[in-house]
Amino acid sequence: MSEQSIYENNPLHGLKLETLLAELISHYGWEILAEYTRINCFKNNPSMESSVKFFKKTEWAREKIERFYLYEFKNLPKAPDDQFEIPPRDRIIPAHQKPRAPKVLIAGQAPAPRPVHKVKSGYNDKKKPHKQRTNMDKGHTPPKNPWENSPQ
């Protein structure tokens with residue numbers, strides 16, 4: 001079996017981003033896409049041109065909308081664990097899985113987002129650790145009047 005024929009069952013095979021977005025927008029509309037995907041290009045002054053430009057530049061968003069297309073619009077079963085980390089366009093979809101009718105999504109009923117655990121990185125990681133006090137420092141107490149020992 002050739003590598004080309006493996007991917008032919010994937011509904012994203014040969015599908016342009018503009019066509020994918022046009023199908024989603026005509027079926028669900030901007031509001032439902034904004035609510036269910038939580039991608040801001042669908043919320044703030046949405047247009048086909050700006051959305052396509054955003055998805056071409058932003059890989060994580062493109063993968064998210066492609067996942068939405070496969071598993072909500074084409075209503076395919078969720079990907080198995082070994083395929084989960086692979087981008088949606090590169091996933092192998094078994095020949096027996098055929099696209100079904102799109103899921104019915106209702107405005108106002110999107111599931112709540114899962115909490116995201118942020119990894120600390122950047123500026124705060126580069127700070128120097130606080131200086132540890134030594135035993136010598138512990139016995140020393142500063143004078144009550146800091147100017148009492150100063151020359152006059």
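Atom NZ of K56 has 12 or fewer heavy atoms from other residues, nucleotides or ligands within 6.0 Å. The number of heavy atoms from other shown groups lying within 6.0 Å of NZ (K43) is above 12. Heavy-atom contacts from other residues, nucleotides or ligands closer than 6.0 Å to CG of D82 number more than 12.
Across all non-hydrogen atoms, the minimal contact from P77 to Y71 is O-CE2, 3.1 Å. Between K78 and E72, the shortest heavy-atom contact is NZ-OE2, 3.9 Å. Between L17 and R89, the shortest heavy-atom distance links the atoms N-NH2, 4.3 Å. Listed here is the closest heavy atom pair of P11 and K74: CB-CG, 4.1 Å. In plain terms, the two heavy atoms of L76 and R100 that are nearest each other are C-NH2, 3.7 Å.
Note that the CG atom of L12 and the CG atom of D90 stand 10.0 Å from one another [nearest 0.5 Å]. Once rounded to the nearest 0.5 Å, the distance linking NZ of K103 with NE2 of H27 reads 12.0 Å. Rounding to the nearest 0.5 Å gives a distance of 10.0 Å between CD of E35 and CD1 of I106. With rounding to the nearest 0.5 angstrom, the CG atom of L20 is 11.5 Å from the OG atom of S51. Taking CZ of R91 as the reference point, atom CD of E85 lies at 8.5 Å (rounded to 0.5 Å). One distance of note links OG1 of T37 with CG of L24; it measures 9.0 Å at 0.5 Å rounding.
A donor-acceptor pair under 3.5 Å is absent between the side-chain atoms of T58 and the main chain of A61, judged by distance alone.
A heavy-atom distance below 4.5 Å is not found between the side chains of Y36 and Y28. The shortest distance between side-chain heavy atoms of P113 and R38 falls below 4.5 Å. Side-chain contact between N75 and P99: absent, with no pair of heavy atoms (C-beta onward) separated by less than 4.5 Å.
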Check the pair C41, W30 against side chain to side chain contact (heavy atoms under 4.5 Å, CB included), reporting the backbone distance first and the verdict last.
CA-CA 9 Å; C41 75; W30 296 106; over 6 Å; no

How far apart are the C-alpha atoms of N10 and I92, what are their side-chain angles, what is the distance that settles it, and do they pass the side chain to side chain contact (heavy atoms under 4.5 Å, CB included) test?
CA-CA 7 Å; N10 189 329; I92 299 170; over 6 Å; no

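Between the side chains of Y69 and E23, a donor-acceptor pair is found at a separation under 3.5 Å.
W60 is connected to F68 through a chain of hydrophobic side-chain contacts under 4.5 Å among Ile, Leu, Val, Met, Phe, Trp and Tyr, so both are in one cluster. Each of I86 and L70 belongs to its own hydrophobic cluster when Ile, Leu, Val, Met, Phe, Trp and Tyr are linked at side-chain heavy-atom distances under 4.5 angstrom.
Residues E49 and K53 are not paired through a salt bridge, judged by the lack of any N-O separation under 4.0 Å between the basic side chain and the carboxylate.
Using the six-membered ring where Trp is involved, F55 and F42 have ring planes that are tilted, between 30° and 60° apart.
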